[in-house]
Amino acid sequence: MEDIVIKGCVIKRDRLYRVNQDRMIFQWVKDEGKGIYSVGFMSILASLAYPLYSIKIKPVGTELEYDDNLAVIEAGKRVSTFPTPIGGKVVEINASLEKDPSPIVTNPYDAWIVKIASSDVESLKRLKTADEIAKVVESIIIREGIECLPKR
């Protein structure tokens, strides 16, 4: 199954997505098995967040409901929150990103931010496949003139 590539922006077919164009939310969720899901930035969001200066992630053990604040991101001239795409309990954080967040931009599909144990069926049902979001993502990329990173 080949990934979808739109003007250099990749949408991996092996995960589910939360896309909200009004709030400019572009997140991926990958089922790691046994009710554990990794969460990260889509390449389009990584490009929008560039330059990314820091990320502060909620600690392990934090209970989150859908759309709760999962992390605080300092990028460009603004600080913004990164809401959780699924409810559950943070079971692991990618602490290396707090020291150096650059992998979020250079390799967004390998730079997972947290792993969440979730049985929140309602939030999981809201997630979409790569094919379901491709047209919306393409229209945003074109409208906003987004070039996905890394630029070579």
Side-chain angles (χ1 to χ4, degrees), residues 1-52 55-58 62-73 75-76 78-94 97 101-152:
M1 214 160 43
E2 250 180 67
D3 296 333
I4 298 170
V5 180
I6 303 165
K7 296 195 176 282
C9 295
V10 176
I11 304 173
K12 293 208 164 268
R13 291 188 191 265
D14 68 345
R15 16 205 114 201
L16 295 171
Y17 295 90
R18 177 184 183 196
V19 172
N20 181 318
Q21 62 180 328
D22 295 331
R23 294 173 59 197
M24 296 304 263
I25 295 172
F26 304 96
Q27 302 168 312
W28 60 258
V29 176
K30 185 176 181 189
D31 187 344
E32 301 290 352
K34 298 182 181 176
I36 306 294
Y37 299 87
S38 53
V39 175
F41 279 53
M42 289 176 63
S43 60
I44 183 176
L45 182 59
S47 294
L48 290 168
Y50 181 80
L52 184 61
I55 184 167
K56 178 73 176 132
I57 306 165
K58 293 284 184 179
T62 302
E63 291 280 350
L64 299 165
E65 290 184 28
Y66 174 80
D67 211 37
D68 279 351
N69 179 21
L70 178 60
V72 175
I73 299 152
R78 58 185 235 225
V79 174
S80 56
T81 59
F82 184 78
T84 184
I86 57 173
K89 183 178 186 175
V90 176
V91 293
E92 189 176 349
I93 69 167
N94 191 345
L97 295 177
S102 65
I104 291 171
V105 174
T106 59
N107 206 350
Y109 290 102
D110 289 333
W112 57 272
I113 295 168
V114 295
K115 293 189 179 178
I116 296 175
S118 181
S119 57
D120 182 355
V121 177
E122 288 307 309
S123 63
L124 292 168
K125 281 183 188 175
R126 291 180 174 137
L127 301 173
K128 307 284 187 213
T129 66
D131 290 318
E132 289 174 312
I133 66 161
K135 290 243 182 275
V136 170
V137 170
E138 181 177 26
S139 70
I140 295 165
I141 290 168
I142 292 167
R143 183 184 74 225
E144 301 292 329
I146 294 167
E147 292 182 52
C148 283
L149 300 170
K151 294 178 185 166
R152 305 248 184 256

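Residues take their numbers from the sequence shown, with the count starting at 1.
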ask   = Side chains of L97 and P103: does their closest heavy-atom pair fall under 4.5 Å?
value = yes
message = Between D68 and E65 (side chain of the first, backbone of the second, donor and acceptor by atom type, cut-off under 3.5 Å), is there such a pair?
response = yes
message = Please check if the number of heavy atoms outside E63 that lie under 6.0 Å from its CD is greater than 12.
response = yes
message = Once rounded to the nearest 0.5 Å, what's the spacing between atom CD1 of I140 and atom CD of Q21?
response = 4.0 Å
message = What's the separation between atom CD1 in I141 and atom CD1 in I44, rounded to the nearest 0.5 Å?
response = 4.5 Å
task = Could you pull out all residues at least two apart from K12 that satisfy salt bridge (Lys or Arg N to Asp or Glu O under 4.0 Å)?
result = D3
Cation over ring face, R126 and Y66, 6.0 Å, 45° = yes
key: Contacts of type salt bridge (Lys or Arg N to Asp or Glu O under 4.0 Å), residue K58, not counting sequence neighbours   = none
ask   = CD1 of I4 to NZ of K135: how many Å apart, nearest 0.5 Å?
value = 9.5 Å
key: CD1 on I55 to CD1 on I113, rounded to 0.5 Å   = 4.0 Å
ask   = Would a distance-only check, ignoring hydrogens and angles, find a side-chain to backbone donor-acceptor pair under 3.5 Å from N94 to W112?
value = yes
message = Holding to side-chain contact (heavy atoms from CB on, under 4.5 Å), I want the full list of residues that pass it with E122, two or more places apart in sequence or in another chain.
response = D120, K125
Which donor-acceptor pairs under 3.5 Å do side chains of residues 84-93 form with protein atoms, sequence neighbours excluded?
unit_1 : atom_1 : unit_2 : atom_2 : d
T84    : OG1    : I86    : N      : 3.4
T84    : OG1    : I86    : O      : 2.6

inquiry  = Less than 6.0 angstrom separating the ring centers of F41 and F82, yes or no?
reply    = yes
task = Could you tell me whether a side-chain N or O of R18 sits under 3.5 Å from a main-chain N or O of V29, the two making a donor and an acceptor?
result = no
ask   = Sequence neighbours excluded, which residues qualify as salt bridge (Lys or Arg N to Asp or Glu O under 4.0 Å) partners of D131?
value = R13
ask   = Quick one: CG on L124 to OG on S118, what's the gap to the nearest 0.5 Å?
value = 4.5 Å
task = Enter the distance from F26:CZ to C9:SG here, rounded to the nearest 0.5 Å.
result = 9.5 Å
request  = Decide yes or no for L70 and P83: does some side-chain heavy atom of the first lie under 4.5 Å from some side-chain heavy atom of the second?
outcome  = no
ask   = Excluding sequence neighbours, so at least two apart, what forms salt bridge (Lys or Arg N to Asp or Glu O under 4.0 Å) with D14?
value = K30
inquiry  = Looking at K7, is its backbone amide N or carbonyl O close enough to the side chain of E138 to form a donor-acceptor pair, meaning the two atoms are under 3.5 Å apart?
reply    = no
query = Got a donor-acceptor contact below 3.5 angstrom from the W28 side chain to the P108 backbone?
reply = yes
